[in-house]
Amino acid sequence: MPVETASGLNQKMYQMKLNLYNEFYLFKKINTTLSFEGNYYTKGLLSRDTITPIINPNRFKARKTYTQLENGDTVIEESGDAMDGALTLRMMLNDGEVKKSKLIPFVESQVSYGTKDLSNGYPYWMIKERLYGGAGLGWEFGTTNFHSRIEAGYFLDTFSDHFERFSGIISYQIFDFTALTLNMELFNQEKYYSNSLQVGIKHNLKRRIRK
């Protein structure tokens, strides 16, 4: 699939993604998920810098090219492909029993590694090494036609020192086979992060009788 950034689309760069997911219960009370996400990005322009005065061209790496300008400056461009991977562990105090309303405390940690430092977001976002961990609280509420879950968490992070995350999922069954959905994820931190808000319509292959 194409890289979903303006600079990635302009360069016709593509992204291949691998997702592995396993969910199980510990002691019949702790809902545990272990997931891995890997990404491979095809070759493209990764960075462009202008340096003055001229530096020794022999210092440039193999995947870097340089262009000397008329004013004596040197433009350095780096191109190539890149890949990253992240392993996430999440544990929730939730036995899976269906209730109209319940609070769900959780802990979460992630370790990730990338082949490039693209923390400025160009042409896509990637960092070389990262480890974060923290805890939070979720609230789940549901009726026959309505279901929602909101969460708030605080995390210590080697990339941004710390951050807060707020997320929510809302689903409302409007017809027997159709539901309206809302998904949102917001981060509070000083460094680069992509917040999201998605509104959609979900079609159920199995009939759910609306009451």
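Worth knowing before you read on, the calculation uses all heavy atoms, side chains too, and leaves out hydrogens, waters and symmetry mates.
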So OG of Ser112 and CG of Asp84: to nearest 0.5 Å the spacing works out to 7.5 Å
Is it possible for you to say whether Met91 and Val111 belong to one hydrophobic cluster, with membership spreading through side-chain heavy-atom contacts below 4.5 Å?
yes
Is atom CD of Glu129 surrounded by more than 12 heavy atoms (other residues, nucleotides or ligands) closer than 6.0 Å?
no
More than 12 heavy atoms of other residues, nucleotides or ligands under 6.0 Å from CD1 of Ile201: yes or no?
no
Answer yes or no: is there a side-chain heavy-atom contact under 4.5 Å between Leu46 and Tyr122?
no
As a quick check of understanding, evaluate side-chain contact (heavy atoms from CB on, under 4.5 Å) for Met1 and Tyr14, giving each step before the final call.
CA-CA 6 Å; Met1 58 181 292; Tyr14 289 87; 5.9 Å; no
Less than 3.5 Å apart, any donor N or O on the side chain of Tyr172 or Asn145 sitting next to an acceptor on the other?
no
Separation of His147 NE2 from Ser171 OG (nearest 0.5 Å):
8.5 Å
Consider side chain to side chain donor-acceptor pair (under 3.5 Å). Of Arg130, His162, Gln189, which one does Asp157 pass it with?
Arg130
Pairwise side-chain contact, Lys17 with Glu37, heavy-atom cut-off 4.5 Å (strictly under)
yes
Once rounded to the nearest 0.5 Å, what's the spacing between atom CD of Gln11 and atom OG1 of Thr5?
8.5 Å
Just by distance, with hydrogens left out, do Trp139 and Ser101 show a side-chain donor and acceptor under 3.5 Å apart?
yes
Heavy-atom side-chain proximity of Leu186 to Asn195 below 4.5 angstrom:
yes
Report, as yes or no, whether the 6.0 Å neighbourhood of atom CZ on Phe27 holds more than 12 heavy atoms from other residues, nucleotides or ligands.
no
Kindly state each residue pair satisfying salt bridge (charged side-chain N to carboxylate O under 4.0 Å, His left out) with at least one member in residues 23-33, sequence neighbours excluded.
Lys29-Asp95
CD1/Ile170 to OG1/Thr181 distance, rounded to the nearest 0.5 angstrom?
10.0 Å
When every non-hydrogen atom of Tyr25 is compared with those of Gly96, the smallest separation belongs to OH-CA, 3.5 Å
Taking Thr115 for the side chain and Met83 for the main chain, is one N or O donor matched with an acceptor at less than 3.5 Å?
yes
Would you call the rings of Phe163 and Phe187 parallel, tilted or perpendicular if under 30° counts as parallel and over 60° as perpendicular?
tilted
In terms of hydrophobic clustering (I, L, V, M, F, W, Y; side-chain heavy atoms under 4.5 Å; direct or indirect links), are Leu34 and Phe106 co-clustered?
no
Same apolar cluster: Val107 and Leu26, side chain cutoff 4.5 Å
yes
Verdict with supporting geometry, Tyr132 and Glu108, side chain to side chain donor-acceptor pair (under 3.5 Å)
CA-CA 8 Å; Tyr132 76 74; Glu108 180 179 322; 3.0 Å; yes
Any chance you could lay out the side chain to side chain donor-acceptor pair (under 3.5 Å) test for Asn183 and Gln198, step after step, and finish with the verdict?
CA-CA 5 Å; Asn183 295 275; Gln198 297 176 329; 4.6 Å; no
Can any side-chain N or O of Ser7 pair as donor or acceptor with the backbone N or O of Pro123 at less than 3.5 Å?
yes
Mind checking the OG1-CG spacing from Thr158 to Leu131? Nearest 0.5 Å is all I need.
5.5 Å
Report yes if some heavy atom in the side chain of Glu185 is under 4.5 Å from a heavy atom in the side chain of Arg165; otherwise report no.
yes
Examine Leu20 and Tyr40 and state if one hydrophobic cluster contains both, with Ile, Leu, Val, Met, Phe, Trp and Tyr joined whenever side-chain heavy atoms are less than 4.5 Å apart.
no
Find out whether Pro2 and Met13 are in side-chain contact, i.e. whether some heavy atom of one side chain is under 4.5 Å from a heavy atom of the other.
no
Go through it in stages, so that I can follow the logic: the residues are Lys102 and Ile104, the test is side-chain contact (heavy atoms from CB on, under 4.5 Å), and I'd like the CA-CA distance, side-chain angles, deciding distance and then a yes or no.
CA-CA 7 Å; Lys102 59 181 176 180; Ile104 305 175; 4.2 Å; yes
Between Thr33 and Tyr21, does the side-chain contact (heavy atoms from CB on, under 4.5 Å) criterion hold? Intermediate values first, please.
CA-CA 7 Å; Thr33 59; Tyr21 179 88; 3.1 Å; yes
Using every non-hydrogen atom in the two residues, find where Lys43 and Ser79 come nearest and quote the distance to one decimal.
CE-CB, 4.3 Å
Test side-chain contact (heavy atoms from CB on, under 4.5 Å) on Lys202 and Thr178; report intermediate values, then the result.
CA-CA 6 Å; Lys202 182 174 70 174; Thr178 308; over 6 Å; no
Side-chain heavy atoms nearer than 4.5 Å, only ILVMFWY residues, links allowed to pass through others: does that put Phe146 and Ile150 together?
yes
From Leu118 CG over to Tyr41 OH, what is the distance, rounded to the nearest 0.5 angstrom?
9.0 Å
